[in-house]
Every structure is written in C-alpha cells, then in structure tokens.
Amino acid sequence: MSAPRTARGAARCATLLVAPAVLAGCALLPAPPAPVPTSVVPTAVPVPVATADATQLSPDGFDAAQRMAVRIRNIGCGALSTGSGFAIDEHTLVTNRHVVADSAQLELSTYDGRDLAAEAASTAALADLAVVRTVDPLPQAPVLADADPAVGDPVTVVGYPLGRQLTVTDGRVVATVTDPLHENLGEVLVTDAPVEPGSSGSAALDASGRVIGVVYAKNSLGLSFVVPVSTLRTLLADSAAFAPAPSCG
C-alpha cells in the first residue's frame, strides 16, 4: 500500500467525525451520534505527496482521475458535512446516499476550485449511492468498468479526505464481503487503499482508470469498503432505483 501521490485544493472547514461508520467530514455544530458499528473508525489523514508522472498530466497539471473528482459540502439544518463524488456524464455525479442525506443545500466544487450549482439529488434504497444533477457542466467523466475487479487487483481512490486536498491513494482489492453496515444489497469490495472521513463517494479506479466502485466506509484496520461497479451499473440502469433525496427542511 503506497502513500497518497497527488494533492490539490485547500481546506474549507474544520472537520469532526459525524459517524465513524461512514466517511463524511463535518464542521462543529451539534454533538455527533454514537458510532455504528464501533469497528468502523477513522485514522489519521496521510500527508499527500506528489508523485504523478508529468507526461500523463493535462496542460493544467491534473490527470483524468483528478479532473472528474468533485468535492461536496452538505449544508443541513444544524450541521455541515463534507464528502466526495465523481462525474458520470456532463451533468451527473455519483456519491453516497449518506453524503447528501438531510441536506438543505449542496455545494459542489471541482478539482480546479470552480463552484458548480446542484440542481437535484436522488438516493438509492438498495445501496449507499446517490446521484446529483448539476446545472453547470462537469469537467470530465470516467468510464465505468464492465465487471467487478478480482481479489488482488490494483485500485486507486480519488477524493477529498477531510474535505480538504484532492488526494489519490493506491492499494489492492483484498476481499469481498457482505456489507458490514447493512447499507448495500449483496457483497461489497474491501481494499487497502487509504481513505479518511470526507472520502465517502470517492471513485475507486482500476489500473486503466475505469471506475470499479464507490468508496463508502472504512474499518479500524484501515481497510476501505467499496460499492462494486456491478451494483452501480444495475441501479443506474433502473429508472425506479433512485428517489428524490429527503431534505432536512
């Protein structure tokens, strides 16, 4: 497992853990709920280091994986939380259900600091997934992999841990398990790619840069949990799978 290798952006809020079971960062407002389950907790955020091959970067200094990542701020009624997401087309991004839940307003920003207006958010009932429609165009969208990865395959996670710097971390798929949080139907992937609170909704990519899943949690051993791309594809193909996200208002 290697250390993070690229970083962009600046801190926009102090972060606390909303619930150790998920990876959302938040600003100090109401007291957080008790952790559920107790085995899913954060660790210290790793210090990003830049190791990207400059020959693979676009003229503005970012590669394709970074350009499709989106930072999400969920302004709720009495709370502010942060998460990550990624574009799947010019006006649609994918994230976690818990990232957009109980929102009064969603604030989106891109790898280059550009703010985007969110039009509507919808959440899935059978997985910790959500889609957000944007008024403004998203910079770049990745390709979804045709199939789930195998144990041992490399994985790269791109997101905004703690709601701060855009960070890329590497690891491998180490197992498939029944979701320990009971948020997803069927099995989920387990990887050793480092993630932190605020990484919820990050894209997990294969060696070719294709999306193989969506990060949604981690455990006390530093292993991250990923909704597999097969689940994502199934729900995106079902027009009835997503319903308007509930608002705290």
Roughly how far, to the nearest 0.5 Å, is [atom2] of [Y] from [atom1] of [X]?
X: Asp179; Y: Phe225; atom1: CG; atom2: CZ; result: 8.0 Å
X: Thr169; Y: Glu196; atom1: OG1; atom2: CD; result: 9.0 Å
X: Leu80; Y: Gln105; atom1: CG; atom2: CD; result: 10.0 Å
X: Leu205; Y: Leu144; atom1: CG; atom2: CG; result: 10.5 Å
X: Ser199; Y: Leu162; atom1: OG; atom2: CG; result: 7.5 Å

Any heavy-atom pair between the side chains of [Y] and [X] that's under 4.5 Å?
X: Pro228; Y: Glu187; value: no
X: Val143; Y: Val211; value: no
X: Arg71; Y: Leu108; value: no
X: Ser109; Y: Arg114; value: no
X: Asn74; Y: Thr82; value: no
X: Val214; Y: Leu129; value: yes
X: Leu138; Y: Leu93; value: yes
X: Val70; Y: Tyr111; value: no

Is there a donor-acceptor contact under 3.5 Å from the side chain of [X] to the main chain of [Y]?
X: Asp128; Y: Asn96; value: no
X: Asp153; Y: Ala150; value: yes
X: His91; Y: Arg133; value: no
X: Asp102; Y: Cys248; value: no
X: Thr167; Y: Gln165; value: yes
X: Lys218; Y: Leu223; value: no
X: Asp136; Y: Ala117; value: yes
X: Ser208; Y: Arg210; value: no
X: Ser247; Y: Ser103; value: yes

hydrophobic_cluster_shared for Ile88 and Val135, side chain cutoff 4.5 Å: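 No: no chain of side-chain contacts under 4.5 Å links Val135 to Ile88.
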
In one Ile/Leu/Val/Met/Phe/Trp/Tyr side-chain cluster, 4.5 Å: Val215, Leu185: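 No, it is not one cluster - the side chains of Val215 and Leu185 are not joined through contacts under 4.5 Å.
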
Donor-acceptor side-chain pairing of Asp170 and Thr156 below 3.5 angstrom: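 Judged by distance alone, the side chains do pair up.
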
Step-by-step side chain to side chain contact (heavy atoms under 4.5 Å, CB included) determination, Leu126 to Asn184: CA-CA 6 Å; Leu126 300 179; Asn184 300 281; over 6 Å; no

Residues forming a side-chain contact (heavy atoms from CB on, under 4.5 Å) with Val131, sequence neighbours excluded: Thr92, Val94, Ser122, Leu236, Phe242

Verdict with supporting geometry, Val155 and Asp206, side chain to side chain contact (heavy atoms under 4.5 Å, CB included): CA-CA 5 Å; Val155 60; Asp206 65 13; over 6 Å; no

So which atom in [X] and which in [Y] form the shortest heavy-atom distance, rounded to 0.1 Å?
X: Ala87; Y: Pro142; value: O-CD, 2.8 Å
X: Val151; Y: Ala175; value: CG2-CA, 3.9 Å
X: Val99; Y: Gly83; value: CG1-CA, 4.0 Å
X: Gly201; Y: Phe86; value: O-CD2, 3.6 Å
X: Ala203; Y: Met68; value: CB-CE, 3.7 Å
X: Ser84; Y: Thr95; value: O-OG1, 2.6 Å

Lys/Arg-Asp/Glu bridge criterion (N-O < 4.0 Å) met for Arg67, Asp112: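 No salt bridge links Arg67 with Asp112.
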
Salt bridge flag under 4.0 Å for residues Arg97 and Glu183: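 Counted as a salt bridge, because a side-chain N and a carboxylate O are separated by less than 4.0 Å.
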
Intermediate values then yes/no, side chain to side chain donor-acceptor pair (under 3.5 Å), Ser224 and Thr191: CA-CA 5 Å; Ser224 50; Thr191 87; 2.5 Å; yes

From CA spacing to verdict: side chain to side chain contact (heavy atoms under 4.5 Å, CB included), Val168, Val157: CA-CA 6 Å; Val168 180; Val157 173; over 6 Å; no

Side chain to side chain donor-acceptor pair (under 3.5 Å) evaluation trace for Ser230 with Asp148: CA-CA 6 Å; Ser230 59; Asp148 296 340; 2.7 Å; yes

CA sep, side-chain torsions, deciding dist, call: Val190, Val173, side chain to side chain contact (heavy atoms under 4.5 Å, CB included): CA-CA 6 Å; Val190 184; Val173 177; over 6 Å; no

